[in-house]
Amino acid sequence: MPIGTTITEYFIEEQRRIKGVSGDFTALINDIVIACKAISSAVRYGSLVGVLGAADTENIQGETQKKLDVISNNIFINRNEWAGHVAAMASEEMADVYHLPTQYPRGKYLLVFDPLDGSTNTDVNGPVGTIFSIMRRPEGATGEPTEEDFLQSGVRQVCAGYALFGPSTMMVLTTGHGVNGFTLDQRIGEFILTNPNMRLREETQDFSINTAYMRFWDPPVRRYIDECLAGKEGPRRKDFNMRWAGAMIADIHRVLINGGVFLYPTDRKLRAKNQEGKLRLLYEANPMSFVVEQAGGLASTGTQRIMELQPTNLHQRCPVIMGSKSEVERIVSYHLEAQ
Ligand code: AHM
Ligand code: MG
């Protein structure tokens with residue numbers, strides 16, 4: 001049986017189309033792909049290799065880390081620190097910028113990642129994934145990269161994507177020219193292009209939000225969900241479905257395939273803790289926004305385009321509303337009307 005287009009082949013072809021490139025970017029993607037395969041393997045073997053459960057440590061957000069959070073973070077670091085393509089890295093699991101060991105050359109890219117999004121799902125054999133975003137180090141910056149260098153808005157991302165560890169392992173990514181999905185063929189250990197040029201469906205009746213927080217929501221979010229729940233008898237004149245995997249990566253992947261909207265909005269409870277949202281801007285909201293927008297969707301806080309937010313710190317949070325264009329536009333219009 002012929003092997004389809006591998007992810008390496010895809011990026012080498014892409015590289016050939018751009019004159020005078022060094023190949024650094026293609027090599028970096030290659031290391032990210034290997035890291036995702038290694039994380040996929042650790043996730044897949046679960047209890048058999050003793051990687052489930054808590055790690056007895058907390059991350060910068062005060063969340064108890066899972067063993068797999070720590071393992072995945074280490075895999076991502078080890079795979080990407082040696083080759084000379086990145087200048088520094090940052091992740092959900094590390095308080096500060098990760099500076100490369102002195103023996104390794106510094107490259108021109110900054111890499112941010114959430115090594116295992118939705119990691120509470122590991123204990124129940126639910127879907128989890130890795131999210132990453134690549135930026136260029138600002139022009140003229142010298143010495144070791146600082147936090148400041150990472151504080152770039154999402155529109156400056158060079159590439160972003162995710163690996164989803166579900167019944168099959170997939171990588172979905174964009175370099176700003178559409179979105180492509182690859183499925184890991186476990187028989188040969190290669191990601192094969194299975195979902196070229198992914199586009200978000202316009203017509204939709206799915207929404208994805210944790211309704212346990214309904215009593216804390218702001219009126220525009222409440223209005224949107226109430227109208228969905230009213231179904232055929234309500235102003236939308238159709239019935240909706242609700243889905244919540246508990247891992248943003250799985251919920252947004254479903255939105256990419258089936259259409260719909262994913263919301264993790266700000267609410268009264270989060271604001272009382274001085275949080276603008278739950279999800280983190282640099283390594284969760286921005287990369288997923290880049291993918292969704294490149295597939296023809298929209299990503300907003302309710303009042304602002306996520307990718308235009310100016311980050312002020314590495315672990316900043318923001319409200320997230322993303323998915324099919326018309327649904328996000330509707331929710332944004334409800335926010336504008338409420339102002
Ligand atoms: P994590 O990066 O620590 O796993 O947290 C992010 C996850 C998202 O994947 C998911 O959408 C959300 O947290 C679920 O939160 P909640 O438990 O409040 O529904
Ligand atoms: Mg996460």
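Whatever order the structure lists ligands and atoms in, that order sets their numbers, starting from 1.
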Undergrad: Closer than 4.0 Å to some heavy atom of Ser119 - which atoms of ligand 1 meet that?
TA: 4 (O)
Undergrad: Which of the atoms in ligand 1, numbered in the order shown and given with their element, are less than 4.0 Å from a heavy-atom of Asp114?
TA: 2 (O)
Undergrad: Give the numbers and elements of all ligand 1 atoms closer than 4.0 Å to a heavy atom of Leu279.
TA: 6 (C), 8 (C)
Undergrad: Name the residue from Arg271, Arg268, His335 that meets the side-chain hydrogen bond (donor to acceptor under 3.5 Å, both in side chains) definition with Asp218.
TA: Arg271
Undergrad: Can you figure out which of Met248, Lys278, Arg280, Glu92 has its heavy atom closest to atom 11 (O) of ligand 1?
TA: Met248
Undergrad: Compile the donor-acceptor pairs under 3.5 Å between side chains in residues 219-227 and protein atoms, sequence neighbours left out, one pair per line.
TA:
unit_1	atom_1	unit_2	atom_2	d
Arg223	NE	Glu227	OE2	3.3
Arg223	NH1	Glu337	OE1	2.9
Tyr224	OH	Glu327	OE1	2.4
Glu227	OE1	Tyr334	OH	2.5

Undergrad: Between Glu293 and Arg305, is there a salt bridge with N-O shorter than 4.0 Å?
TA: yes
Undergrad: Indicate yes or no: does an N/O atom of Ile249 lie under 3.5 Å from an N/O atom of ligand 1?
TA: no
Undergrad: Taking both backbone and side-chain atoms of Gly118, is any N or O found less than 3.5 Å from an N or O belonging to ligand 1?
TA: yes
Undergrad: Does any N or O of ligand 1 fall below 3.5 Å from an N or O anywhere on Asp251, backbone included?
TA: no
Undergrad: Listing request: all salt bridge (Lys or Arg N to Asp or Glu O under 4.0 Å) pairs with a residue in residues 193-216, at least two apart in sequence or in separate chains.
TA: Glu203-Lys238
Undergrad: Would you confirm whether the ring centroid of Phe76 sits within less than 6.0 angstrom of the ring centroid of Phe113?
TA: yes
Undergrad: Please give me the minimum heavy-atom distance between Ser208 and Arg254, naming the atom from each residue.
TA: OG-NH2, 3.3 Å
Undergrad: Going by the order shown, which atoms of ligand 1 are within less than 4.0 Å of some heavy atom of Glu284?
TA: 2 (O), 6 (C)
